[in-house]
Amino acid sequence: MSGALFSFEHVGVAGDERPRLEDVTVVLPDSGITALAGPSGAGKSTLLRCCNRLEAPDAGTVSYRGRDVATVDPLAHRRQVGMVFQEPVLFPGSVADNLRVADPQASDERIAELLQRAALDPAVFAGRDADTLSGGEGQRVCLARTLATDPQVVLMDEPTSALDQDATAQLEALMRQLAGDGIPVLLVTHDEAQLERVADHVLRLRDGHLQGALEHRHE
Amino acid sequence: MNEGDVTWIGLVLSLSLVAVAVGVSYRERLGLGREMVVAVLRSAVQLLLVALALQIVVDPGTPLFWSWLWVIGIVLFAAFTVSRRAPQLPGVLQVALTANALTAAVALGLTFGLGIFPVSGRTVVPVAGMIVGNSMKSCIVVVTALAGLVADRRADIEARLALGLPGVDAARPLVRRALRLAISPQIENTKALGIVFLPGAMTGLILAGVDPLDAVLVQLALMWIILGAVVVTTATTALSGTRRLFTADQRLLRLRRAADRAG
């Protein structure tokens with residue numbers, strides 16, 4: 001069993017009507033694909049967003065590889081802990097322009113390498129207007145852009161929820177590849193079939209609380 | 001005085017176009033009728049009060065202190081007006097007050113320092129009104145646009161934050177859009193000077209018998225100062241306001257969406 005990637009100690013996040021997370025204590029492993037599963041409103045995305053400090057807990061602490069994320073430089077931390085969102089958020093300009101938002105000094109070779117890691121042909125995609133991409137292509141460009149900061153972990157917030165079957169399969173293959181390359185993935189999903197296909201570890205949440213202990217599957 | 005005389009009946013008849021506008025608003029359900037009526041009533045009350053006060057302020061025997069006090073009132077009112085349009089922006093009153101006060105001080109310093117107008121009871125309040133009034137209009141547009149864009153395009157900002165960009169850089173594309181929206185009308189106004197409209201200060205000077213060339217030079221200097229003041233005030237408001245959208249650890253604050261302000 002690997003060490004701790006993220007440790008949550010009595011983490012609570014307030015919400016408008018009820019807490020979005022309440023007294024969550026768990027250690028997420030530093031390997032493979034860990035799925036955060038549960039119905040809508042369970043607190044999965046909130047937990048994920050606490051990992052890269054887009055959200056700050058109102059109670060408790062979140063540690064990344066042993067360091068409290070509240071005490072580290074948030075910008076450097078976010079470059080280490082990349083994130084792909086539910087909907088592809090593409091910036092104006094070409095695909096290469098998008099990647100250069102993350103790495104302004106990226107050479108054409110670097111852009112090509114990043115696109116290849118996201119299973120996109122650089123000759124076809126580097127110069128393409130980001131507005132013309134399909135949902136699946138856009139999500140893979142977002143992954144390539146995330147990889148441009150050389151993250152040590154990738155957070156994915158229901159990245160396939162708006163994709164068709166083929167695009168989902170492609171993105172799941174990329175998740176496995178990342179995990180195989182030693183970059184752990186934290187995946188938010190409510191798709192049980194997807195859990196079966198890709199998750200090495202599963203953490204279930206409901207109404208802001210953990211549902212049982214972390215389950216280990218493929219490892 | 002036959003250049004600018006209007007009877008009370010004439011004043012009331014001048015509302016005929018406003019009546020048409022209220023009719024259009026009612027017919028098209030724009031929800032602007034009430035606001036137009038309030039605007040007309042307020043403008044009447046405010047300007048009549050201003051006329052009374054100006055009579056005192058422009059009196060050569062009245063100390064200039066009262067004019068400057070009035071200018072402070074103008075700046076305060078402008079800042080409150082701006083903050084009312086986007087109360088969901090954190091610290092918007094303080095930001096608008098600082099931006100308007102500093103820019104007004106510099107712009108008035110330039111106007112009077114360069115001798116465009118002499119410092120007197122007749123000039124201080126109207127010139128300050130022109131500078132702050134134009135800046136206020138653009139500030140209102142920029143804070144309203146910024147609040148709307150940040151609420152609607154939160155995902156865009158957070159995607160940039162997630163790449164390790166500081167908050168101000170993450171919001172920059174939206175800030176640019178808001179600034180362009182707010183400042184463009186003033187730039188267009190300046191471009192249209194003399195073609196579409198003959199501005200008030202110049203017209204007033206010519207009517208008062210000043211040589212047209214001198215009047216044009218005064219107007220040009222004033223318009224350029226106003227343009228600069230508008231851009232600086234609006235940009236300062238937008239940029240300072242943007243900083244306050246983020247926590248110290250570069251998280252985007254959650255803004256509530258402003259309700260539509262129709263009606």
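Listed here is the closest heavy atom pair of A155(B) and V89(A): O-CG1, 3.9 Å. Nearest heavy-atom pair, F85(A) versus A159(B), reported as atom, atom and distance to 0.1 Å: CE1-CA, 3.6 Å.
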Return one line per donor-acceptor pair between chain B and chain A under 3.5 Å, naming both atoms and the distance rounded to 0.1 Å.
residue, atom, partner, partner atom, Å
E158(B), OE1, R49(A), NH1, 2.6
E158(B), OE1, R49(A), NH2, 3.3
E158(B), OE2, R49(A), NH2, 2.9
L163(B), O, R79(A), NH1, 2.9
D249(B), O, R78(A), NH2, 3.4
D249(B), OD2, R53(A), NE, 2.6
D249(B), OD2, R53(A), NH2, 3.0
Q250(B), O, R78(A), NH1, 2.8
Q250(B), O, R78(A), NH2, 2.9

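Heavy-atom distances place both the backbone and the side chain of L165(B) under 4.5 Å from chain A. Both the backbone and the side chain of A56(A) have a heavy atom closer than 4.5 Å to some heavy atom of chain B.
Looking at residues two or more places apart in sequence or on another chain, you find no side chain to side chain donor-acceptor pair (under 3.5 Å) involving T98(B).
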